[in-house]
Amino acid sequence: MENSKTLYQHGTLALLVPGLLTGTITMGELLAHGNTGIGTGEGLDGELIILDGVAYQIDSKGNVNVLANDFIMPFANSHFANYQELTTISDATPAEFEKVSLDGKPNSNTFFSVLVKGTFSYMKTRAVAKSSRPFDTLAKTAEKQSIFEAKDVTGTLLSYYSPALFHGAAVAGFHNHFLADDHSIGGHVLDFKIKEGAVGIQVFDTLEQHLPITNTEFMEHDFSKDDVASAIAEAE
Ligand SMILES: [Zn+2]
């Protein structure tokens with residue numbers, strides 16, 4: 001049976017910092033661990049969002065592409081959707097969305113996902129442009145990103161929350177990706193305002209962390225020289 005309490009993650013955010021951007025998992029393998037997820041392609045090739053088992057890439061030109069099973073990624077996560085209705089939300093800023101998702105608590109000690117389906121009076125996203133070998137560091141690739149904005153757009157916001165303790169493995173706090181129903185905008189969310197939406201929540205009790213042990217660059221890299229926490233905070 002599908003385990004809806006497990007969040008599967010391939011790679012860690014930390015390996016993006018020094019530019020270890022080789023794709024080390026295929027979309028087919030990732031989808032075996034879930035029908036919902038986020039990630040990025042090899043060389044930070046756009047922003048990914050997986051909804052209902054379909055994997056989409058928002059590229060740096062703003063195009064939404066459906067990805068094949070042989071698409072490769074350095075970092076991604078997936079899980080089997082089993083969201084519990086939490087509430088409906090209207091006229092909400094990111095801070096209000098986070099407060100609702102955390103049920104008023106200042107933080108959470110476990111991973112969870114939040115899905116908002118609805119209308120957004122404002123949406124601001126970014127998509128990074130693919131870098132080729134030798135790959136740039138995260139700070140450098142983050143400079144080569146496109147920003148997209150839309151007003152009154154209907155779509156799905158997929159959010160993952162990571163506890164502060166795991167910063168480096170993932171982004172501490174909320175990490176949000178978005179896809180408009182008409183595919184007019186999507187990507188890594190920078191800012192938004194929810195006009196009206198249904199909020200679902202799914203709490204995980206297990207993080208399944210998969211690492212690319214057949215990738216020599218990763219296995220031989222000395223992460224002690226990277227200022228992982230602050231580089232991530234800056235870029236994300
Ligand atoms: Zn992202």
Side-chain angles (χ1 to χ4, degrees), residues 7-17 19-21 23-25 27 30 34 36-51 54-65 67 71-79 94 97-98 101 111-116 120 123-131 135-150 153 155-164 166-180 183 185-192 207 209 228-236:
L7 174 64
Y8 177 84
Q9 179 167 282
H10 173 79
T12 77
L13 200 65
L15 59 81
L16 305 188
V17 174
L20 299 177
L21 304 178
T24 45
I25 190 173
M27 185 54 77
L30 184 68
T36 304
I38 60 174
T40 186
E42 176 167 274
L44 295 186
D45 188 10
E47 313 287 340
L48 313 185
I49 182 167
I50 303 167
L51 298 170
V54 183
Y56 303 94
Q57 173 198 48
I58 297 87
D59 67 26
S60 62
K61 292 188 174 75
N63 300 313
V64 177
N65 311 305
L67 299 172
F71 185 83
I72 51 173
M73 299 153 280
F75 178 63
N77 62 256
S78 68
H79 77 278
F97 158 77
E98 294 187 1
S101 302
F111 290 81
F112 63 86
S113 177
V114 184
L115 193 77
V116 183
F120 297 76
M123 181 54 64
K124 181 181 185 183
T125 63
R126 71 113 199 268
V128 280
K130 182 177 185 173
S131 72
F135 296 123
D136 289 336
T137 59
L138 182 64
K140 268 202 151 171
T141 32
E143 288 169 12
K144 291 188 283 181
Q145 61 181 25
S146 305
I147 306 281
F148 308 105
E149 285 178 293
V153 61
T156 304
L157 181 125
L158 173 58
S159 178
Y160 286 92
Y161 179 92
S162 304
F166 293 84
H167 189 61
V171 192
F174 292 86
H175 182 180
N176 308 327
H177 282 202
F178 179 77
L179 183 64
H183 295 185
I185 183 172
H188 174 99
V189 175
L190 297 175
D191 195 13
F192 62 88
L207 171 69
Q209 174 66 66
V228 171
S230 65
I232 290 169
E234 195 129 303
E236 297 292 325

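First listed ligand is number 1; within each ligand, the first listed atom is number 1.
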(Q) Please enumerate all residues that pass side chain to side chain contact (heavy atoms under 4.5 Å, CB included) together with Ala180, with sequence neighbours excluded. (A) Val153, Phe178, Asp182, Ser184, Ile185
Q: With the side chain counted from C-beta on, respond yes when Met123 and Leu157 share a heavy-atom pair under 4.5 Å apart, and no when they do not.
A: yes
Q.
Using the side chain to side chain donor-acceptor pair (under 3.5 Å) definition, which of the options His175, Gln9, His79 pairs with Tyr160?
A. His79
Q) Can you tell me if NZ on Lys140 sees more than 12 non-hydrogen neighbours from other groups inside 6.0 Å? A) no
Q: Indicate yes or no: at least one non-hydrogen side-chain atom of Thr36 is less than 4.5 angstrom from one of Ile50.
A: no
Q. What are the protein N/O/S atoms, named by residue and atom, that sit under 2.8 Å from the Zn ion (ligand 1)?
A. His175 NE2, His177 NE2, His188 ND1
**Q.** side chain to side chain donor-acceptor pair (under 3.5 Å), paired with Gln57, selected from Asn63, Asp45, Thr40
**A.** Asp45
